[in-house]
J.: 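Just dropping this structure here.
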Amino acid sequence: MTLHVTLPDGSPLELDDGASVRDAAAAIGPRLAKAAIAGRVTRAADPDVTLLVDAAASLHEGDRLAIVTLKGDDPDAVDIQRHSASHVMAQAILRLYPGVKYAIGPTIDNGFYYDFSFSEPIAEADLARIEKEMARVVSQNLPVERFELPADEALAVFGPAGATALAAPDAASPSGLPVGLDQQFKVELIRDLLAAAAAEGGAAPIISVYRQGEFVDLCRGPHLPSTTKLGSGTFKLTSLAGAYWRGDEKNAMLTRVYGTAFPSKEELAAYLEALELARQRDHRRIGRDLDLFSFHEEGPGFPFFHAKGMRLWNAMVDFWRAEHVRAGYEEISTPVILRRELWERSGHWDNYKENMYFTTIDEQPYAVKPMNCPGGLLIYKSRRRSYRDLPLRMAELGRVHRHEMSGVLHGLFRVRYFTQDDAHIYCTPEQLEEEVRGVVQFMHRIYAAFGFSDVKIELSTRPGKSIGSDEVWELAEGVLTRVLEGETGPDGEPLAYALNPGDGAFYGPKIDFHIRDVMGRTWQCGTIQVDFAMPERLDITYTGADNEEHRPVMIHRALLGSVERFMGILLEHYGGNLPTWLAPQQALVMPIADRHADYAAHVMRTLRAAGAADSAKAPVGLHVDVDDRGESIGKRIRDAQLQKVPYILVVGDREEEAGAVGVRERGEDKGPRPLAEFVDHIVDEVRERRLP
RNA sequence: GCCCGGUUAGCUCAGUCGGUAGAGCACUUGCAUGGUAAGCAAGGGGUCCGCGGUUCGAAUCCGCGACCGGGCUCCA
């Protein structure tokens, strides 16, 4: 008997009946047979599903087959390798810490983890020991075998010894696996699989179990065919962390061991190097080194912005304000502390009070605002509004305070106060689409100016728990969808967006914007939320052309999200080398010797004047200082480079005589330039907000 | 909030067996007046996170607290 499979290039392959993926690879060539770790199979009966199977898995007549190897860039291969690495790690840990309970060990972006319940805590220092034992497991070249068991047998394997008839002491299950491993987490998982199958009305599921040497684990697979395939020098344990069983804080706290693995030593080394680079780009480090901001015990989670941090802050916000004026917004400002009663009316008391701060003034209860909308609504209500006033776009750089749990605070990324670049747009239902479209375009323009052109968009629709009528939701979701469908991105291509069904706010659907930084990480920044509920709750109206009162629609939107967090993203994106228009110190003048002090001061004054508000050039504002410390010129240049100053202007006899400056731009010596020419150059660069 | 780890000069960190502290950078001063990533020298600077305990004696050991870091979304 023979069976026929088709390879990715369309060529047929004839094999003996019962042949495996590995046999198929062997039929193609001995090198491939050695490299094969799994197969991607599409069955003739089910042409839409591609399965990832073990190298030992049998093939069927009519299968389409691709051999998976660790050579080349197959994401499936790396995934299998990492998953097997997590099993090898679990095996090593079980050898070193008998009695450990193992929970789950999946693959994640760039690595893997496995959760354990240890009887004694372990420390990072133990990771090296575990790695050593892993290397032993690898060198033992243990074959990895798959077993498919009925549920009761699987329960006997992982249940406590003697718990079932099958599980007599020292017994083995019919498949030859040990029984009575007493792994409570695995038992729970098997029971869940049973429950899930029952809920779907399906037959009792077949449970797959993998064994390598003495280690047995419940696992979907596939896996490397043997532990040696993991390779040496290709994996590394990176960190330890606590993690709740199934991510629920009501459950037991487990110890999570993180690691990573790559097909080659070189790739692992490159990844570890990239990690180190990211560490150096950490905005907390840059913030301290460049003297931008700091944190203090006296106010955990509350950032302090230094003079240079405020220069950056103001550059961001000046630009933000100018763009809002251009886009037809008015800026407002509302108080930080307001009576608690307002928050009860707005619904925040019911839904958000765990995250709010409260205080008492004259024996009256007050709250510190966690959001700006209720205050903004009071401004809306401060006079009668006509349909002629709409759309009304009110922006606010509102400082909000939120009580985040102490363990989640992280530099500027997660703080307890931040400045939301908020805006609320009040409009008629007819104007909604136009307004949302305007915000989407606005959003892209702002991100592009900061150097982010890779923007991902998500549309989130009505969640299970929500308020408002079906018609209203349909209208709002329809509007958002139409806007996204009709819009083109900065490159003129139609906008791509992902749908997040059921992930909207309880009062309305939303569009979220994620920007991608140079390191490929994405950050959710902007959001547009349509809200029919708040106008209702706080009872705001406008007078229509019919002289009747109508209910406006409200759009909540933020572009940067949090000015502080966006600053952190910028710092990491640019590694501190900010575009000149954002740089807190744009040029530093360096006199060669004391006799050049007057000329250096002249250069500084000329540049500051060129950036001043009454300048004929442009009111760009230029941050220029002189470094006349008694240090060698080499030392001062080095310091300025480390401070990431875009322009270093060296002035000595030659420059003074010629009315020039010796320009060093971002580490590159550009030679002498006439001062007037340099002034034009930097003013243009800042005014046009050129990116480096 | 929870788990693990940490906290020593402004920063980065060393500190052996429990015997009251060190380096580099930074800072101050002096010399050098410099030509594109660290000139030379001297000096100042410490509640070893805080409180309590053990001990003749604690940066070091124990307990409690504060703060910081990693994680608590990736589901066999």
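Residue numbering restarts at 1 for every chain, and letters A, B, ... go by the order of the sequence lines.
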J.: If you measure from the Lys or Arg side-chain nitrogens to the Asp or Glu carboxylate oxygens, is any gap between Asp192(A) and Arg246(A) under 4.0 Å?
T.: yes

J.: Select one nucleotide: of rA37(B), rA66(B), rC74(B), the one nearest the side-chain heavy atoms of Arg638(A).
T.: rA37(B)

J.: Considering only the C1' atoms, how many Å lie between rG18(B) and rA59(B), rounded to the nearest integer?
T.: 10 Å

J.: Between rC72(B), rU36(B), rC2(B), which nucleotide has the shortest distance from any of its atoms to the side chain of Met253(A)?
T.: rC2(B)

J.: Measuring from the side chain of Tyr258(A) (C-beta onward, heavy atoms only), which nucleotide among rG70(B), rA37(B), rG71(B) has the closest atom?
T.: rG71(B)

J.: Consider the side chain of Arg288(A), meaning its heavy atoms from C-beta on, and name the nucleotide among rC72(B), rG35(B), rU12(B) that approaches it most closely.
T.: rU12(B)

J.: For residues Asp291(A) and Lys308(A), report the shortest heavy-atom separation together with the two atoms involved.
T.: O-CB, 3.6 Å

J.: rU36(B), rC2(B), rA76(B): which one has an atom nearest the side-chain heavy atoms of Ile104(A)?
T.: rA76(B)

J.: Roughly how many Å apart are rA21(B) and rG46(B), using the C1' atom of each and rounding to a whole number?
T.: 9 Å

J.: rU36(B), rC68(B), rG71(B): which one has an atom nearest the side-chain heavy atoms of Pro300(A)?
T.: rC68(B)

J.: Does NZ or CZ of Arg82(A) lie under 6.0 Å from the centre of the six-membered ring of Phe262(A), at an angle within 45° of the ring axis?
T.: yes

J.: rG19(B) pairs with which nucleotide, Watson-Crick or G-U wobble, both distances below 3.5 Å?
T.: rC56(B)

J.: If you only use heavy atoms from C-beta on, which nucleotide in rC74(B), rU33(B), rC4(B) is closest to the side chain of Tyr113(A)?
T.: rC74(B)

J.: Classify the ring geometry between His401(A) and Tyr357(A) as parallel (under 30°), tilted (30 to 60°) or perpendicular (over 60°).
T.: perpendicular

J.: Choosing from rC27(B), rC4(B), rA66(B), which nucleotide comes nearest the side chain of Leu240(A)?
T.: rC4(B)

J.: Whether Arg595(A) and Glu656(A) form a salt bridge (side-chain N of Lys/Arg under 4.0 Å from carboxylate O of Asp/Glu) is what I want to check.
T.: no

J.: Kindly say if Arg284(A) contacts the phosphate of rG69(B), meaning a side-chain N or O under 4.0 Å from OP1 or OP2.
T.: yes

J.: Closest approach to the side chain of Leu218(A), judged atom by atom: which nucleotide of rC75(B), rA38(B), rA76(B) is it?
T.: rA76(B)

J.: Looking only at side-chain atoms of Glu655(A), point me to the closest of rU36(B), rC27(B), rG1(B).
T.: rU36(B)

